[in-house]
Every structure is written in C-alpha cells, then in structure tokens.
Amino acid sequence: MDWTRGHTIGRGSFATVSVATSRWSDDIFAVKSTELSQSEFLQREQKILSSLSCSHIVTYKGYDITRENNKLMYNLLMEYVPGGTLTDAVHRRGGRLDESVIGYYTRQIVEGLDYLHSSGIVHCDIKGRNILIGESGAKIADLGSAKWLNPVAGGGVRKVAAAPISGTPMFMSPEVARGEEQGFPADIWAVGCTVIEMTTGGSPWPNATDPVSVLYRIAFSGELPEFPDFLSDQAKDFLSKCLMRDPKQRWTAEELLKHPFLGEFNSLPKQSQDFDSNSPTSILDQNLWNSTEESEIVGDLVQTSSWNSPAQRIRGLSSSSISSNWTWDDDWITVRSNNGEEGNSVSDCGSVTALISDEMELEDSVRIEDSAYFLDSNVK
C-alpha cells in the first residue's frame, strides 16, 4: 500500500503510532511502527491480526517495511477508530454508563471474544483501555498479549505447558494470578471486570494499594469483585456467570451471548450515543498501543537461590526500591510476557526483571520473564 505518514498520535519506548493516508484513495488509517531490528513483538501481533475478520475486532490492513531517516521501519497498518477507548467513554459520562449502554457494548465485546475463541485465540488483556468505540460500536484492540492455544485432533484445544502470563493484574482471573493457566475463561473473567469498570468508572478492586497485594487477593482470598448495588438483577446474574473463581464453571462467550442481559441490547439508544468523530488523538490517550513496547530497564530483580518460592519473589518485589517507581491510581499496571522466549536465568529461581514505562503518567508496563513470579498455593 502506498501511503503518507501523518502526525504522530502516540509514542512509546520503541513503537510510534501515526495517522496515515493512502495516496490513492485518501483513506485514513493508523500505522504502528518500530525499527525493523526491534519489531519481534509487532510482527507477532501482525500474524494474529492478519488471520482475523470480525466487525468487533480492529481491522488489519497490512504491513510493510519502509526506510525513513536511514532506518528500516516495520509498519503495522490498522483501522483507524477515532472515537477513543471504552475507558474514555466512561470518563466522559462522569464515571458511569447507563445499563443499556453497558449491555450494548458488552454484547459486542463478547461477540468479538466468541470469534477469537472459536479461532483458538485468547486475548489475555481485555479491559476498557483495549476496547475502541467507533460509529459501529465497540471493537476489541491491542492483541499484543494474545496467543493461540494448540489445537487438538478432533477439535478442542490443548493447554500449553508453562505458557507465559500476560495482562493487567486488576483484570486477571484467580488461576492467572496463581500462574496456573491463561485460557478462554480468563478472558471471560476480564469481561466481568470490564462491566464493573463501565459501571463504576474505576478498578474492579478499588481498595487495592499495589499490584502485589491485588495479586495475592485475587489468587487466594476467595473474594469476588463487588457487584454494584444499583445494577439490575439480570446484570448481576450476568456478572455472576463471568466472575466465578473456578474457571470450569464460568460461562463461555457463546453461552453469554444467550444470557437475557445481552439479549435486551441489540442497539445503542440515541440519547446515549457517545461517539466523537472529531477526536483524532483520543485512541492514544490511554497508551492503547503500548503492547509492543519494551520500556527501559531501571532495575534488575534477579533473585538469589535462597529465594525458592514465588511467594518469596513477590515479597522481594514488594520491598524492592523499584516499587517506588510504580504509579497506582486510576491507571493499571500491565504485565507483558516475552511470549514463550526463555529469559536470562542466572539461578535455579530464574530471572524476574521489571521494566518500567517511560510514560508513567499513562500506564506502567511490566514484563515478566518467569511465570513463577506469580503466586503458589503455599502462600499463607
């Protein structure tokens, strides 16, 4: 595709997003770019996006390699959705969407997940900031953490042994917080957390003080996020089907689409429409495009062999000086794995390296190179 790069609408440590225009049709789209030598994560996202075709997932338009300022650049071309993120929409509405709007957007999110899951793909990081709002409604975006589950002959999927963990702690399911597995049910748990976000404008775990304590709480407390009292009984029942601590008991996306709560909302009430076509930079306001970014290293938490359990590593992480570099307010720390590549282990415990975002005011980004960072059942 022959295109012209426009103004930059987002920049991270390694990836930059620009508005672009086709030289032949004047079509506008978004281009996520990074140097070719650093494009491993972006190429992984391209492989997944290029296999998808769903109205509720951001559309893939292609990729190319260009030479700019004497550098080879890898460019991922995607649909430009100018309405901002779902989180933006909630904030514009004062921190709470009407239940009819929540039902409408939730239905579209679940339809997108049903498509992904039927394709054998787990998104791994569903939350309001990874949902874009356009003229046609909600679209799932940011598949930088997504992964395929291995197919099994005769249908179904096979669990991937020691699969790396990705996502945002506040939206992680109990089994993910324990480092056990991250399959389709984890996305369903995140849907429930996203419904709460749309309802309250905040975190599904509002009293959490840091990512370490919230991981403990999710993994082992036996608690569920609090269901807002003002929701209808149908909405609460829908949440109860998503937020079951046992992943085997959670409803599938296909089952959720038959729930009465979603059946009521096939269109968005006109008085509730919140699409702003004149917001060209809003899609980057919440650092949506940081899925391919690896931030600069500001601390190394490689543990000694005396730290033999994940619990000890968590405690070490919480007491480390690096913790003072984390922000923890309305933004959520995102955990990014290296998607299966081996970390640089220097002991039997493996390696845990925290990479802190250079855009702290938007969202901290943490890359975990050892899934044993997460908690085990021996934690008291």
Side-chain angles (χ1 to χ4, degrees), residues 1-55 57-85 121 123-125 129-132 134 139-148 166 277-297 334 336-341 355 357-359 362-363 365 367:
M1 181 185 295
D2 196 5
W3 53 276
T4 302
R5 189 185 299 276
H7 64 280
T8 299
I9 53 177
R11 179 179 285 110
S13 298
F14 289 101
T16 299
V17 180
S18 306
V19 173
T21 306
S22 169
R23 288 175 177 165
W24 299 109
S25 65
D26 291 331
D27 288 342
I28 296 175
F29 51 94
V31 179
K32 186 192 293 190
S33 304
T34 190
E35 289 189 40
L36 181 61
S37 61
Q38 301 170 345
S39 63
E40 175 186 354
F41 290 86
L42 197 54
Q43 290 188 49
R44 186 177 294 119
E45 184 173 4
Q46 181 272 333
K47 289 178 181 178
I48 292 180
L49 272 181
S50 64
S51 70
L52 307 177
S53 179
C54 177
S55 60
I57 299 173
V58 169
T59 303
Y60 168 78
K61 290 186 173 293
Y63 79 96
D64 65 10
I65 297 173
T66 57
R67 181 177 291 276
E68 303 174 34
N69 299 319
N70 293 321
K71 295 179 181 179
L72 287 177
M73 304 294 295
Y74 184 92
N75 307 296
L76 178 58
L77 316 180
M78 295 171 290
E79 173 186 11
Y80 175 59
V81 185
T85 69
I121 297 170
H123 185 279
C124 298
D125 199 17
R129 293 189 180 180
N130 289 341
I131 308 297
L132 298 182
K139 291 176 178 281
I140 296 174
D142 192 350
L143 277 80
S145 293
K147 62 186 178 185
W148 278 289
S166 300
S277 61
N278 296 314
S279 180
T281 63
S282 61
I283 58 172
L284 269 299
D285 285 347
Q286 300 298 338
N287 208 21
L288 171 69
W289 303 98
N290 71 350
S291 66
T292 64
E293 298 167 16
E294 292 183 78
S295 308
E296 71 177 296
I297 298 174
T334 300
R336 299 290 185 186
S337 75
N338 60 357
N339 291 284
E341 285 75 22
L355 304 180
S357 174
D358 62 347
E359 295 184 3
L362 293 178
E363 182 178 77
S365 180
R367 173 181 166 196

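Please read these numbers as outputs of a predicted model, since none were measured by experiment. Heads up: numbering here begins at 1 and tracks the sequence.
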S51 vs W148, test: side chain to side chain contact (heavy atoms under 4.5 Å, CB included). Steps then yes/no.
CA-CA 11 Å; S51 70; W148 278 289; 3.9 Å; yes
Only one of Q38, E35, Q43 clears side chain to side chain contact (heavy atoms under 4.5 Å, CB included) with Y74; which?
Q43
Can you list the residues that meet the side-chain hydrogen bond (donor to acceptor under 3.5 Å, both in side chains) rule with S25, with sequence neighbours excluded?
S22, D27
Could you list the residues that satisfy side-chain contact (heavy atoms from CB on, under 4.5 Å) with L72, not counting sequence neighbours?
L36, I65, R67
Could you state the interatomic distance from OG (S37) to CE (M73), rounded to the nearest 0.5 Å?
9.0 Å
Side-chain touch T21/D26, heavy atoms, less than 4.5 angstrom:
yes
Measure the spacing between CG of L143 and CD1 of I121 and express it to the nearest 0.5 Å.
7.0 Å
Under the salt bridge (Lys or Arg N to Asp or Glu O under 4.0 Å) rule, collect the residues that match up with D2, sequence neighbours excluded.
R23
Does a side-chain heavy-atom distance below 4.5 Å link V31 with L76?
no
Rounded to the nearest 0.5 Å, how far apart are NZ of K147 and OG of S166?
6.5 Å
Restricting to side-chain hydrogen bond (donor to acceptor under 3.5 Å, both in side chains), what partner residues turn up for T66, sequence neighbours left out?
E68, N75
For S18 and T8 the tightest heavy-atom approach is OG-OG1, 3.9 Å
To the closest 0.5 Å, what do you measure between CG (L42) and OH (Y63)?
11.5 Å
For H123 versus A141, what's the shortest heavy-atom pair and its separation?
NE2-O, 2.9 Å
Specify the closest pair of heavy atoms between I48 and A146, including all atoms of both residues, with the distance to one decimal.
CD1-O, 3.5 Å
Answer yes or no: is there a side-chain heavy-atom contact under 4.5 Å between T85 and L132?
yes
In Å and rounded to the nearest 0.5 Å, what is the NZ to CE distance from K139 to M78?
13.0 Å
Check step by step if side chain to side chain contact (heavy atoms under 4.5 Å, CB included) holds for I140 and I131.
CA-CA 5 Å; I140 296 174; I131 308 297; 3.9 Å; yes
Quick check against the 3.5 Å criterion: does D125 have a side-chain atom that pairs as donor or acceptor with the backbone of D142?
no
Hits for side-chain hydrogen bond (donor to acceptor under 3.5 Å, both in side chains) against Y60, two or more places apart or cross-chain, chain-then-number order -> Q46
Could you pull out all residues at least two apart from T59 that satisfy side-chain contact (heavy atoms from CB on, under 4.5 Å)?
E79
Closest heavy-atom contact between A20 and W3?
CB-CE3, 3.6 Å
